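Beneath this line is the structure, given in structure tokens, with notes to follow.
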Amino acid sequence: MRILFLTHAFNSLTQRLYSELTTRGHLVSIEFDIADSVAEEAIALFKPALIVAPYLRRAIPESVWRQHTCLIVHPGIVGDRGPSALDWAIQGGEKTWGVTVLQAEAEMDAGPIWAAETFPMRSAKKSSVYRNEVTEAATRAVLQAVENFALGGFVPKPLDYADPAVRGELRPLIKQAERAIDWARDSSAAVLAKLNAADGFPGVADTLFGEACHLFDGWAEDALRGGQPGEVIAWRETALLRATIDGAVWIGHAKRAGAAVALKLPATQAFADRLENIPEAPLVGWSVAEGQTWQDIRYEESSVDGNAVGFLHFDFYNGAMSTRQCQRLQAAYEWARAQPTKIIVLMGGSDYWSNGIHLNTIEAAESPADESWANINAIDDLAEAIIRTDSHLTIAALQGNCGAGGCFLARAADLVWARDGVLLNPHYKNMGNLFGSEYWTYLLPPRVGAEGAQAIMQNRLPMTAKGGVAKGFLDACLTSDPSAFRVDVARRAAQLAAAADLSERLQAKSDKRQADEAAKPLAQYRAEELSHMRRNFYGFDPSYHVARFHFVQKSPNSWTPRHLAIHRDLGWSVPE
Ligand code: COA
């Protein structure tokens, strides 16, 4: 079936639905929702059997929904309507939430229902619930609705508020006044619920050190306390600790209103000039700290019959890895290598494994070109340390999505296992034709062949975990449930640690590295990649800087990239 996606952006949910539907043989083309006339033009060109709107920020025009079946994905339970569905659900402490696929009609979100799914609500950031529970439920619901549409004869169920099973209601856009934290009254749990409901957009409007800002990325703290509610009482790496009436919460990120470049940044970077009198609360070592606290890098070990496995977690916000974060992670990795283990599992974070260099900290730097250079070198150093490891078998366990250089950092490990449902974007071109580094020219071709590597880099399309295994980029696609995935990873890693042939495997790995080095030294791959990157960062063509600016500022789209809008390809004609 020809399916047109009308969407605000090619975000993670849209990418997932795109991958699932194309895998099932549908022909999917994408048009960004820019103007009514643009949508009408896309329909005239593509002649879709069905229109799906995975992520829209405004109503579908009447000229479109009157003539075509348009299925809207709404991140709310049946009957829920309005633009702040998840925000209200999280802030209000809903225990169960859901996704509804409904047909577009005159009244927004009130059309008949094609499919609906529910899920238990997790206490987590809105962005995390969206990328996990909402995405999974939306995938099930859309696949069901598309199947019903394809079979024909399905009659969607009108929304009926008289039905006792309909729990949702129409709710307005949530305002900052309703998100506001009352530091003199709100408990830590209430503060965290408000921060979670507003993450990653738009954040909670507040003040820090007397200056207006938006707060993001809240974390619980069990032990540290003191000071007046609302006061900043400590800092650690990128986060600030603020007192509440019953304890304290960490604020990981902030957007400072008066800053020269108003960007969401690590909180200690956004307010770097205000930390002089604030005590640092460092964690000693890399092992998992006791109780709840904010810890972006943590190491734990498990042992079966004396065969120990080290797990290195790095939960960086949005999977972005700044120069310092790469350096700290490398220090933690070297430390992990010195432990009495033979296997290290690189766990990344629960939402993202890595999205490569940190584009926001680069944008905020005095010289973005210099900071890009420092950051790419730091991530390359880390990748190199992993590639050169001959003491351990290394495994990258992708619990969450991975983008650009993050994918090749994962591929630097001997084995890459992904959770089913994870999406990879192992290409760089979307960021202003960036050439990319992280030793991708060494790591990718042996896995997927020279032509396969070329296709992945040029096509710029997402890869599912199953697709990644089929292409040879990944070694295994494991269960989709996040906790079951972690258990399975630990079990498989323990089996590898106990395997009789582990030393032979390590020897073979070391031999292969030596042979590779003799054929072409790693330093040469790096120098070649970085010569391109130097041109990207410092050269005449500013494409990377322009693309990065629009990415971090979230500039609205003014056109749909041609690799997504196949109906706009030269030579496109509707297949017979
Ligand atoms: N640096 C800083 N922030 C990043 C980032 C990076 N490398 N990658 C993603 N983010 C942020 C986004 O700005 C967004 O921020 P928000 O919390 O303010 O909304 C958040 O992560 C989620 O990103 P989004 O694009 O909405 O997620 P997605 O899952 O739909 O898309 C990617 C994932 C990886 C395709 C997309 O984020 C991307 O292209 N990232 C850039 C990758 C890159 O070019 N890295 C540099 C080269 S190594």
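Note that ligands are numbered from 1 as they come in the structure, with each ligand's atoms numbered from 1 the same way. Numbers here are sequence positions counted from 1. All figures in this text were calculated on a predicted structure; none of them were measured in a lab.
Geometrically, ligand 1 and R131 share no nitrogen or oxygen pair separated by less than 3.5 Å.
Nearest protein heavy-atom contact of atom 7 (N) of ligand 1 is I357 O, 2.8 Å. Of all protein heavy atoms, the one lying nearest to atom 21 (O) of ligand 1 is N318 CG, 2.9 Å. Considering only non-hydrogen protein atoms, atom 1 (N) of ligand 1 sits nearest to L359 N, 2.9 Å. Looking at atom 32 (C) of ligand 1, its nearest protein heavy atom turns out to be N355 OD1, 4.6 Å. Counting protein heavy atoms only, atom 43 (C) of ligand 1 is closest to A404 CB, 3.5 Å. Among protein heavy atoms, atom 18 (O) of ligand 1 sits closest to K264 NZ, 2.9 Å.
A cation-pi geometry, defined here as NZ or CZ lying under 6.0 Å from the six-membered ring centre and within 45° of its normal, holds between K520 and Y525.
The aromatic rings of F314 and W353 sit perpendicular, their planes meeting at an angle over 60°, well past the 30° parallel limit. Classified by interplanar angle (parallel below 30°, tilted 30° to 60°, perpendicular above 60°), the ring pair F271/F209 is tilted.
Across F551, F216, F408, F201, heavy-atom proximity to atom 41 (C) of ligand 1 is greatest for F551. Compare Y352, Y544, Y55 by their heavy atoms: the one nearest to atom 24 (P) of ligand 1 is in Y352.
Between D33 and R58, at least one side-chain N (NZ, or NE/NH1/NH2) sits under 4.0 Å from a carboxylate O, which counts as a salt bridge.
For F216 and H253, the ring centers sit 6.0 Å or farther from each other. Between F435 and Y428, the distance from one ring center to the other does not fall under 6.0 angstrom. Ring centroids of F10 and Y18 are separated by less than 6.0 Å, placing the two rings close together.
Distance check: I379 CD1 to M321 CE gives 5.0 Å after rounding to the nearest 0.5 Å.
Heavy atoms of K554 come nearer than 4.0 angstrom to ligand 1 in at least one pair. Residue N430 places no heavy atom under 4.0 Å from ligand 1.
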